[in-house]
Every structure is written in structure tokens, then in C-alpha cells.
2 protein chains.
Amino acid sequence: MAGGHKETPGGEREGSPRVSSVSHLTLNRLSFYLRCLRSLQSEEVQRISSKELANRYHLSASQIRKDLAQFGEFGIRGVGYDVAQLIEHLSDLLGLERLHRMIIVGMGNLGSALACYFGFNSGAFRVVAGVDRDPAKVGASLCGFTIGHTDDLAKEVRRSRAEIGILCVPAEAAQSTYDELVAAGIRGVLNFSPIRLRPVENVAHKDVDLRIHLEELAFFLKEPLPAD
Amino acid sequence: MAGGHKETPGGEREGSPRVSSVSHLTLNRLSFYLRCLRSLQSEEVQRISSKELANRYHLSASQIRKDLAQFGEFGIRGVGYDVAQLIEHLSDLLGLERLHRMIIVGMGNLGSALACYFGFNSGAFRVVAGVDRDPAKVGASLCGFTIGHTDDLAKEVRRSRAEIGILCVPAEAAQSTYDELVAAGIRGVLNFSPIRLRPVENVAHKDVDLRIHLEELAFFLKEPLPAD
DNA sequence: AGATGTGAATGAGTTCACAGCT
DNA sequence: AGCTGTGAACTCATTCACATCT
């Protein structure tokens, strides 16, 4: 087996040989903390302790501290954390201080939806291009860009200066499209197709398998309802 | 899932002891194994050892065996696993033997896309209903059902006999809509809204936060590309 | 022999508990 | 006093190694 990267088959696998090894669990929590802090800021809260943050959002205080301490001393002992400052630090840490341009490959149901999805077009993220194989779709405009043809993928990536590719093509096309994206110089890929990609060095990579989430739910629905 | 790792999807009550204490990591792997096995079956492979399965799909042989052994002795020592039999066992185990009817709440970009998404309308899953607050959307037909009004949520759930709710409403509406779904008798919820729901006993529950995946990617894009 | 199933060892991730700073 | 930051304890998850079965 090649380099020892940890994998969670079918669910989230996370790419790139990591130099600074932060677990994706920690990263996800940091993202979540950031969201909480923004909410607090809008409520004009200026300082917060790990304990209160934990109470408000059902988190663990010691875990908040551990997570943050990994990256420096952001808090003030005896006081807590400065909300604005911590937002600043976390945004910086997560790479959210600049805009990330994204291209969607495969403008089917899911691709089209994501192109206009608020979560993909707010804050540090923006969908700036999209391509599809189907000539009938090419040329259509939606949510701020005009759909190009998948044959021009590399050109579209360069033109739009996208650094993240959102892969929404069917399973059969996923690996080849991924390789094209990488060849075009993409730096990160969010893969919605239900297959495992052969990942490339130095390209960040995240699988999101929507079906698998349903199957997880199904497992719990199978269990007999405890009639209490 | 946003932060916590200790999520307890569904009210954890003692039903079958071994069934209720399966980690979601294991469950996701089982789903993935099942997919691999189906692919093998379509290639007419009849028997496979954990080692070969692992090699083919970049998994860990001992983990495959551990995962499966949790639920019984499905293999034949000295031989391997019977593909068809194991598919049967896994489908059964994951509750994929019967159809799961689903209702989408919030027919915006994402909701509409999921309604017609293949992964949500194949195998054991089918979207059978959808509702929205916007009267302009109510009455429209797509992908096999007619959009109802969110005010009639409980009625729609009953009429369509949906057991899973797909929550695609904005953050503000998420908690109240969740509560309505639960009151309407829904048994599982897949939550795409970016907030943490206060979960209810005995309702299976899974958060899928698409934005957080982007933020995870952004972190790796921020890092200096390792030259090693 | 050859592969499973499983206790034991290792490793990852989380919580505890407290030293040390404000 | 109060709260952070952190080593140590603990829990959960994966890998190893081998006894066990075909």
C-alpha cells in the first residue's frame, strides 16, 4: 500500500498528502465554530468563553480549547476569546479570507442546483463557470455564468480562473473528468459522483456521497421502533 | 454532521444490542462494500476473499472482516465470501430490502434537484412528495409528484406515506420544520440546512452540510504546496 | 494450504484535571 | 476568582497476528 493515508471508504475521504496533519474532524469543527462566532457577532457578543460557546451550541468546551490551541494561543486566560479576533484567526486559518472560484462539471440536476445554491455562492466561495457534455445545455446562462462544453474544460478552467472543481458527472465519467480537471490545473475537487477517484498528489480532494447518507438513515429505520 | 462525532442518530434504546451500537464509520463502509459487491456481481464474480476485495477497491482486508464479523459469520473459512449471499446479507442488514419513501421540504434549488436526483430515486429510495412555502411553486409537477404547500406538511406526509424527510429549507426555518416533520410522524431526517437541529428521540437524523466540505477544501488550498 | 473470525496491540480522537496566566 | 492551554487518562477505531475452520 502506498503512503499511509487514512480513508473512510464511501464516505469522506480526504485527499492530499498532508504536511500539517489536521484531522478533518477538527477542520469541520473549526468551520462550525466560525459559524457560531459569526452568529454571536451578529448578536453583538464581544467575548465568549469556551464553556459558554459549548453550552450555546451543544459542543464540548475542552474540545474547543484543544482544537484552537493547535494553531496558537487565541484566547485570554481568565477571560475567554475575543469574538472578532477569533473570527479573524479562524477565517485566516481555514483559508476563507479570499474568494475561491469554482467550476461545476456536469450541469445535471445536482450541478445546476449547486451553481445557484447559496452555500456555494456566499462568503469565500463563488461558482464562476460550468460545463456539460450535452450541446443542448451549452450556451445557457444561469446564476452569473454561461454553460460551456466539457470538451473545452481546460479552456474554461483557465478563462474562469477556477481553482476548485465540483464534479457532478455520472459515475462512468467521473475518473476521466477528474483527470482532465487535474490536468487543467485545478487545485481542489469536490466529488459528488458515487465512485472512488484515484487521487492525484497535491490536489485537495473530498468525496460527498449523498446516497450513502440515505443508507445510513435506512439502517436506523430498519430497527424495530422501541415501543415504550 | 457538523461538529460532534458522538451523534446518536435515532433514539438509542435497547432493541437488538449489537445493532444499535454500530458506528457510522462502520455503516458507511458496509454501504461501500455493498456497492463494490454489486459491481463484482455485474462482472460475474461469484466468490471473493477479503484480501482481494481490499486490493480491488483500496480497502483494508482485516477491517472488512471485522466489519462483517460484527453481524454474523458470513464467510467460508479457507474460501472467502459468496458475493450474492453477502449482497443479500448486507442489503438486509442496512435495511435496503424495502422501498423508503421520502418527502422533500423546501423545493428551492437543492430540493428540486434532489427530487429528481438519481441517487435519491434508485434502489431502496424514492422521493414521493415535496412541499414548499412559496405558493408559486405549489401545484407544479416534477419527477413524479406534485408540490404541496408546507402548511399541509403533516397531511402530505401521511398521504405520501413518506418515512424520511429531506430538509432543504433555509437555516431560520430548519428547526421549526424539523419539529413539524417529527410531529407528522416522520422516522428519519436528512438535514441539508446549515444549522444543528435539536434532535428528537427515536427519529434517525443525519446532517449534511455542503458548505463545510468546501471549507475543508479551502484549508488545503491555503497551505503551501508541499514540495516533498 | 488458505481464508475467516477474533483477541491483543496499536493508534486516533476525546475528555479530564490541573498548572499557569490575567 | 476565572479561564485558557496542555499533559495524562480514557474511549473509540484500526491493524496485527494467530487460532480455527474448510
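By convention in this document, chain letters (A, B, ...) are assigned in the order of the sequence lines, proteins followed by strands, and residues within each chain are numbered from 1. For clarity, every value in this text was computed on a predicted model and none was experimentally measured.
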- [ ] Check the distance between C:dT15's P and A:Asp67's CG and give it to me in whole angstrom.
- [x] 10 Å

Open item on the list: Classify the ring geometry of A:Phe125 against A:His100: parallel below 30°, tilted from 30° to 60°, perpendicular beyond 60°.
Closed with: parallel

TODO: Please work out if A:Thr26 contacts a base, only the sugar-phosphate, or nothing of the nucleic acid, heavy-atom cut-off 4.0 Å.
DONE: nothing

Open item on the list: Can you tell me how the ring of B:Phe74 sits relative to the ring of B:His89, calling it parallel under 30°, perpendicular over 60° and tilted otherwise?
Closed with: parallel

- [ ] Going 5' to 3' through nucleotides 15-22 of chain D, assign each nucleotide B (protein heavy atom under 4.0 Å from a base atom), S (under 4.0 Å only from sugar-phosphate atoms) or - (no protein heavy atom that close).
- [x] BBB--BBS

TODO: Considering just the side-chain nitrogens and oxygens of A:Tyr81, establish if one lies under 4.0 Å of OP1 or OP2 belonging to D:dG2.
DONE: no

TODO: Starting from P on D:dT4, measure out to CD on A:Glu52 and report it in whole angstrom.
DONE: 11 Å

Task: Considering all heavy atoms, the nearest B:Gln70-B:Asp67 contact - done: CB-O, 3.3 Å

Open item on the list: Without decimals, in angstroms, what is the distance between B:Leu86 CG and C:dA3 C1'?
Closed with: 14 Å

Open item on the list: For a quick test of reading the model: is some side-chain N or O of A:Ser50 closer than 4.0 Å to OP1 or OP2 of D:dT4?
Closed with: yes

Task: Rounded interatomic separation in angstrom, taking CG from B:Asp82 and P from C:dA3 - done: 16 Å

- [ ] Quickly work out the A:Ile64 CD1 to D:dC3 C1' distance and round it to whole Å.
- [x] 13 Å

Open item on the list: Is it the case that the side chains of B:Ser193 and B:Tyr178 hold a donor-acceptor pair, with the cut-off being a distance below 3.5 Å and no angle test?
Closed with: no

Open item on the list: Return the CZ to NE2 distance between B:Arg29 and B:His24, rounded to the nearest 0.5 Å.
Closed with: 10.0 Å

- [ ] Give the nucleotide from the list C:dG5, C:dG13, D:dT14 with an atom nearest to the side chain of B:Arg29.
- [x] D:dT14

TODO: Measure the distance from CD on A:Gln70 to P on C:dT15 and round it to the nearest whole Å.
DONE: 14 Å

TODO: From the options D:dA13, D:dT6, C:dA3, select the nucleotide whose nearest atom is closest to the side chain of B:Ser49.
DONE: C:dA3

